[in-house]
Amino acid sequence: MHHVFTQPCVSEIVQPTALTLHLPDSVSDLLVLSAMSSPLVEFVVSQVSHTQATLITRIQPFLSFAFETMPPTINTPQQRRSVGQGIKLYPLTGVAPRVCIEQLRRGVTVSINIDAGVYFSLSTETRFELVALENDLRILSEPQVLVMAKAILGRKFDHDEPSNMLAVHISELEQVRRELRDYLRGESGKIHPGVSTELLKLDHLLQNKHQWLLRTYHQSLERTNLGYSSNEQIVSNEQLQRKLDCFELLAPKDVSEMVNKLCEDDL
């Protein structure tokens with residue numbers, strides 16, 4: 001698994017505490033997409049007594065976080081950890097990354113209680129889960145890229161969504177297709193032929209969905225106002241060319257490559 005945490009943070013817990021994670025508005029959804037298959041937080045218990053505990057915490061660098069005191073958690077499923085044990089916070093398997101990102105922007109809280117051990121819990125409405133380190137079998141289960149490809153294919157897209165959300169969907173779908181192809185190349189000759197066939201079939205279905213989303217996205221840009229006809233030219237070709245030139249000068253290289261790739265797939 002490829003993920004990068006911040007430097008470990010040592011935290012002293014002496015009473016019921018809540019760790020609240022937020023995704024700042026300044027962080028783009030596109031940046032977070034690639035991290036949705038990785039743990040967002042990792043806790044390791046280094047010391048614990050009846051009334052206090054010491055945690056070593058590592059968090060994904062794009063998240064902001066804060067520890068706050070809170071009332072003891074009641075009637076919420078908890079996982080107990082003792083000295084030397086740890087736990088990770090993951091997005092739920094099969095849930096669309098967009099849904100998890102939206103919840104992160106609203107805030108996700110991990111409740112921490114102490115009673116001769118450290119107890120971690122989440123609210124029942126969260127789209128995330130806590131996985132004990134010794135039970136973290138995600139890399140040994142069905143390939144993550146296969147899980148995400150199935151999840152995206154099963155998702156219903158709204159034709160009337162704004163163009164910025166359609167762009168996120170397109171980028172997410174393109175990322176899954178790229179990861180799927182990379183997985184096939186990297187695991188060539190190692191994976192079961194049935195899995196390989198299923199991945200190729202999923203890639204073809206994803207391509208069809210990708211083309212439909214691109215057409216919908218272009219239509220949303222061309223018809224910015226229902227008062228205009230679909231083929232009415234709102235700005236001149238010279239204005240469009242100047243905007244394009246400015247974009248090519250200012251846009252990062254990876255964004256330009258992504259745009260070129262989207263245009264090639266649409267041909």
(message) Tell me the closest heavy-atom pair linking Ala132 and Arg81, and the distance in Å.
(response) CB-NH1, 3.6 Å

(message) side chain to side chain contact (heavy atoms under 4.5 Å, CB included), that's the test. Do Val118 and Ile13 meet it? Break it down for me.
(response) CA-CA 9 Å; Val118 183; Ile13 308 296; over 6 Å; no

(request) Mind listing the closest non-hydrogen atom pair of Pro77 and Ser121 along with its distance? (result) O-CB, 3.1 Å

(message) Between Ile56 and Phe43, is there shared hydrophobic-cluster membership here, with clusters defined by ILVMFWY side-chain heavy atoms closer than 4.5 Å?
(response) no

(request) State, yes or no, whether a side-chain contact exists between Val99 and Gln103 at a heavy-atom distance under 4.5 Å. (result) no

(request) Kindly compute the distance separating OG (Ser46) from CD (Glu12), expressed to the nearest 0.5 Å. (result) 7.5 Å

(message) Asp136 vs Tyr90, test: side chain to side chain contact (heavy atoms under 4.5 Å, CB included). Steps then yes/no.
(response) CA-CA 10 Å; Asp136 185 7; Tyr90 274 105; 2.7 Å; yes

(message) Grouping I, L, V, M, F, W and Y whenever their side-chain heavy atoms are under 4.5 Å apart, do Tyr119 and Met70 come out in a common cluster?
(response) no

(request) Would you mind reporting whether Val108 and Leu40 have side-chain heavy atoms less than 4.5 Å apart? (result) no

(message) Quick check on side-chain contact (heavy atoms from CB on, under 4.5 Å): which of Val48, Val10, Val44 does Thr54 satisfy it with?
(response) Val10

(request) Spell out, yes or no, whether Val14 and Val83 are grouped together once hydrophobic residues are joined by side-chain heavy atoms under 4.5 Å, including indirect joins. (result) no

(request) Quick one: pull up CG in Asn208 and CD in Gln211 and give me the separation to the nearest 0.5 Å. (result) 6.0 Å

(request) Begin with the C-alpha distance, continue with both residues' side-chain angles, and end with the deciding distance and a verdict on side chain to side chain contact (heavy atoms under 4.5 Å, CB included) for Arg105 and Asp29. (result) CA-CA 10 Å; Arg105 292 208 183 275; Asp29 289 358; 2.6 Å; yes

(message) Tell me whether Gln79 contacts the main-chain N or O of Ile87 through its side chain, where contact means a donor paired with an acceptor under 3.5 Å.
(response) no

(request) Could you tell me which non-hydrogen atom of Ala167 sits nearest to which non-hydrogen atom of Tyr217, and how far apart they are? (result) CB-CE1, 4.0 Å

(message) Same cluster or not: Leu202 versus Leu200, using hydrophobic residues (I, L, V, M, F, W, Y) connected whenever any side-chain heavy atoms lie under 4.5 Å apart?
(response) yes

(request) Start with the C-alpha gap between Phe128 and Val110, add the side-chain angles, then the distance that decides, and say whether side chain to side chain contact (heavy atoms under 4.5 Å, CB included) holds. (result) CA-CA 10 Å; Phe128 296 81; Val110 180; over 6 Å; no

(message) Assigning hydrophobic clusters by single linkage (Ile, Leu, Val, Met, Phe, Trp, Tyr; side-chain heavy-atom cutoff under 4.5 Å), is Leu133 placed with Leu122?
(response) no

(request) Please confirm whether the backbone N or O of Pro8 pairs with a side-chain atom of Arg58, one donor and one acceptor, at under 3.5 Å? (result) no

(message) Using 0.5 Å steps for rounding, measure from the CD atom of Gln175 to the CG atom of Asp182.
(response) 10.5 Å

(message) Distance check, rounded to the nearest 0.5 Å: Trp212 atom CH2 versus Leu173 atom CG?
(response) 11.0 Å

(message) Using side-chain heavy atoms (C-beta onward) and a distance below 4.5 Å, is His50 in contact with Asp115?
(response) yes

(message) Which heavy atom of Ala116 sits nearest to which heavy atom of Arg80, and what is that distance?
(response) O-NH2, 2.6 Å

(request) To the nearest 0.5 Å, tell me how far His204 NE2 sits from Arg177 CZ. (result) 10.0 Å

(message) Quick check: do Leu213 and His210 have side-chain heavy atoms less than 4.5 Å from each other?
(response) no

(message) So does Leu104 get a backbone contact from the side chain of Arg127, meaning a donor-acceptor N/O pair under 3.5 Å?
(response) no

(message) For the OG1 atom of Thr126 and the CG atom of Leu89, what is their distance to the nearest 0.5 Å?
(response) 7.0 Å

Would you be so kind as to tabulate the donor-acceptor pairs closer than 3.5 Å made by side chains of residues 15-25, with sequence neighbours excluded?
{"residue": "Thr17", "atom": "OG1", "partner": "Gln15", "partner atom": "O", "Å": "2.7"}
{"residue": "Thr20", "atom": "OG1", "partner": "Thr109", "partner atom": "OG1", "Å": "3.2"}

(request) Answer whether the closest heavy-atom distance between the side chains of Val45 and Leu55 falls below 4.5 Å. (result) yes

